[in-house]
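What you see below is based on every heavy atom in this structure, not just the backbone, and it leaves out hydrogens, waters and symmetry mates. Numbered from 1 within each chain, the chains take letters A, B, ... in sequence-line order.
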2 protein chains.
Amino acid sequence: MKSVSSSQQSKPTLKDVAEAAGVSIMTVSNALHNKPGVKAETRKKVLAVARRMNYSSNPSAKMLRSGRSDIIEVIVGSFDNPFYSRLASALSDEIERNGREALLRETHYDRRGEENALSEPFSLFCDGVIIVTPLLSSEKIKQIALHKPVVLHEMPSDDNVFDTVNLANEDGAADAIRHLHAKGCRNIAVIGSSHLGPEDMLLSLNNPGTLRYRGCFRAFSELGLTMSQDTAFDCGWDAHSGREAAERMLASDIAFDGAFCLTDSVALGVLQTLRRHNIRVPEDFKVIGFDGISMGADVSPALTTIEPDYRETARALVTDLLSRIDGSTAAPRKTIVGYTITERESA
Amino acid sequence: MKSVSSSQQSKPTLKDVAEAAGVSIMTVSNALHNKPGVKAETRKKVLAVARRMNYSSNPSAKMLRSGRSDIIEVIVGSFDNPFYSRLASALSDEIERNGREALLRETHYDRRGEENALSEPFSLFCDGVIIVTPLLSSEKIKQIALHKPVVLHEMPSDDNVFDTVNLANEDGAADAIRHLHAKGCRNIAVIGSSHLGPEDMLLSLNNPGTLRYRGCFRAFSELGLTMSQDTAFDCGWDAHSGREAAERMLASDIAFDGAFCLTDSVALGVLQTLRRHNIRVPEDFKVIGFDGISMGADVSPALTTIEPDYRETARALVTDLLSRIDGSTAAPRKTIVGYTITERESA
DNA sequence: ATGAAAGCGCTAACAC
DNA sequence: GTGTTAGCGCTTTCAT
């Protein structure tokens, strides 16, 4: 037993409240839950006592007995990432709007490895989980899915087992190229990683990076332009990679006048390199990103970007999950969410 | 009962594993937990069976019985805020390093109000909670603290009841001013809110905004400069406020050559306004922020900032909380974490 | 309208 | 080394 600590009185239970109110434990439970079959007067008394005693129900007991927690878990890769943090916020909102609680967890890159395969790698008391990180192997995902419903964000739809919602990677990228062209760019660079996303989907043709590249190809050929090894600069997905890739771009023979960056973070890095080379944006060079991170509005120059509809993303994810929790056995739903071209200063 | 859903087999329990392995339930439990007193051979067999059956323990039952969950809750104001998201990430790390699980929740501005005072506003199954948001009334905090240990980040130390860790607001701000001065600035503006922080600490002399202003005063007088109504520009704590305040600054009679922004977000807004007015940073005007948000390294120009030690912050918060969970009744500990002046391009 | 009993899955304490 | 018993706080079911 834990020793009685400073300020914490041991939590009152239903039984304590029942005794204090002079009724049975079930009457208290029913009163607290607004269940019918409790006299108004009794309910009032019970509520008063419960409040006075600072009663609150023990969620473990409730979950154990009822088998549900009304808690939805969201697993993200890193909180300190502008894309995930915006999505996390939207999900948290949407989950609460549906009367559940949102619990977020950050998954580091399998840091703990398989040291103890039997310890639960994830909290198992929630009713379902929304996975928005690429840092989880599909094997692990399947293991989680053994016990509870799972919905996925930005996963390749190669295996048709989970509800999935994806960004409009291909169309969005194509529109980014068209936007640059409409703004007068004729030598457009594409900067970013073709293998954006989960490790074990590197080979998939449906990973976000590949899809964005594909969208670029389509737009380029529509516009009568060409996209080649010389106009695409492969790099990681963060600002640091963007800085380096921009240096390579600047060192090339081609006089680029604009760049589509596969993520906003890459775009920020590109913007830094351009500034260091005294290249004016948007006058001499235009930049458009992809992701619509909140901070894009606050940087200088403010970033023009393909902004996915976060609200819609969250809504689709939560709707799908709740219907699975309700027992739906329908075929996996594949959703592609819309986006807008948010035009700011950089293009 | 929930109807059997598509892919989810009902979860195996200790009992199931025990039967399958032909041993008692306790032997399974002990084997799984590496407790002594289980023959190596038996343990091996049990582990094999458990793994084959995909057994994982039911956390609700475990918590209910043992009274602890090894879960630590972190309540932040908004995930989509660069300061909180970096701190959230550091806390998540530190909590896992201590063998616990981190669960994060975002608290919106008391949106739900008091509609149902008896429903638990926060998940109550965790062992303790770390509160890093200013959006929680002290009343609500006290209510949470009734049942479990609570530690606070950036709260005024007026009431001496909780362990608290704060930024070095006053010293950091003073150093920001000194840095600007050392870089040659002679007309320094201070931009930010004096009531940065929780609503109900507006009147406190220890709120973060007031402390930062106080640090400025100190440095100004040390340097033989003056700080007045005319050199301090009050505004909110976000980039939008920063943009507006910078316009006011630029419209003033004083020819400012540098600004200390009370937060990095404000600094970003100021940087935007300066760029729109074709004022070069750092050549014509220098900017230093406060917070050390990750993105400060990725914007143009890269932001010079007072960067608190996030790792140390997380460590102090987690250490304090764990010792309370262990039953410590020592006097509340007040920690002020260190910082570094991270010099980049803007100053 | 209210109460009693059973038991969710687990672990602490104690037998064998 | 291994098994048995009791009970954490709650809700479901059924009795009154």
Nucleotide nearest [X] (side chain, heavy atoms from C-beta), chosen from [options]:
{"X": "B:Ser29", "options": "C:dA1, C:dT11, D:dT13", "answer": "C:dT11"}
{"X": "A:Leu64", "options": "C:dT2, D:dC10, D:dG9", "answer": "D:dG9"}
{"X": "B:Asn58", "options": "C:dA13, C:dC10, D:dC10", "answer": "C:dC10"}
{"X": "A:Arg65", "options": "C:dT11, D:dT2, C:dG7", "answer": "C:dG7"}
{"X": "A:Lys39", "options": "C:dC10, C:dA1, D:dT11", "answer": "C:dA1"}

Are A:Glu94 and A:Arg97 close enough for a salt bridge, meaning some N to O gap below 4.0 Å?
yes
So, are A:Asp127 and A:Lys148 salt-bridged, with charged N and O less than 4.0 Å apart?
no
Quick one: sort the A:Phe83 and A:Tyr310 rings into parallel, tilted or perpendicular, breaks at 30° and 60°.
tilted
What is the distance from [atom1] of [X] to [atom2] of [N], rounded to the nearest Å?
{"X": "A:Arg68", "N": "D:dC10", "atom1": "CZ", "atom2": "P", "result": "18 Å"}
{"X": "A:Met63", "N": "C:dC10", "atom1": "CE", "atom2": "C1'", "result": "15 Å"}
{"X": "A:Ile25", "N": "D:dT12", "atom1": "CD1", "atom2": "P", "result": "13 Å"}
{"X": "A:Leu32", "N": "D:dG9", "atom1": "CG", "atom2": "P", "result": "16 Å"}
{"X": "A:Met26", "N": "D:dT16", "atom1": "CE", "atom2": "P", "result": "17 Å"}
{"X": "B:Lys44", "N": "D:dT2", "atom1": "NZ", "atom2": "C1'", "result": "20 Å"}
{"X": "B:Lys11", "N": "C:dG9", "atom1": "NZ", "atom2": "C1'", "result": "9 Å"}
{"X": "B:Lys15", "N": "C:dG7", "atom1": "NZ", "atom2": "P", "result": "11 Å"}

Measuring to OP1 and OP2 of [N], would you say a side-chain N or O of [X] lies under 4.0 angstrom away?
{"X": "B:Lys35", "N": "C:dA12", "answer": "yes"}
{"X": "A:Thr27", "N": "C:dG3", "answer": "yes"}
{"X": "B:Ser66", "N": "D:dC8", "answer": "no"}
{"X": "A:Tyr55", "N": "D:dG9", "answer": "no"}
{"X": "B:Thr13", "N": "C:dG9", "answer": "no"}

State whether a side-chain donor-acceptor pair under 3.5 Å links B:Ser24 with B:Thr27.
yes
Under 6.0 Å between ring centres, would you say that holds for A:Phe79 and B:Phe79?
yes
When A:His33 and B:Gly37 are each assigned the nearest nucleotide of DNA chain D, the 5'-most assignment goes to B:Gly37
Could you check whether A:Thr42 gets within reach of a base, just the sugar-phosphate, or nothing at all, counting any heavy atom under 4.0 Å?
sugar-phosphate
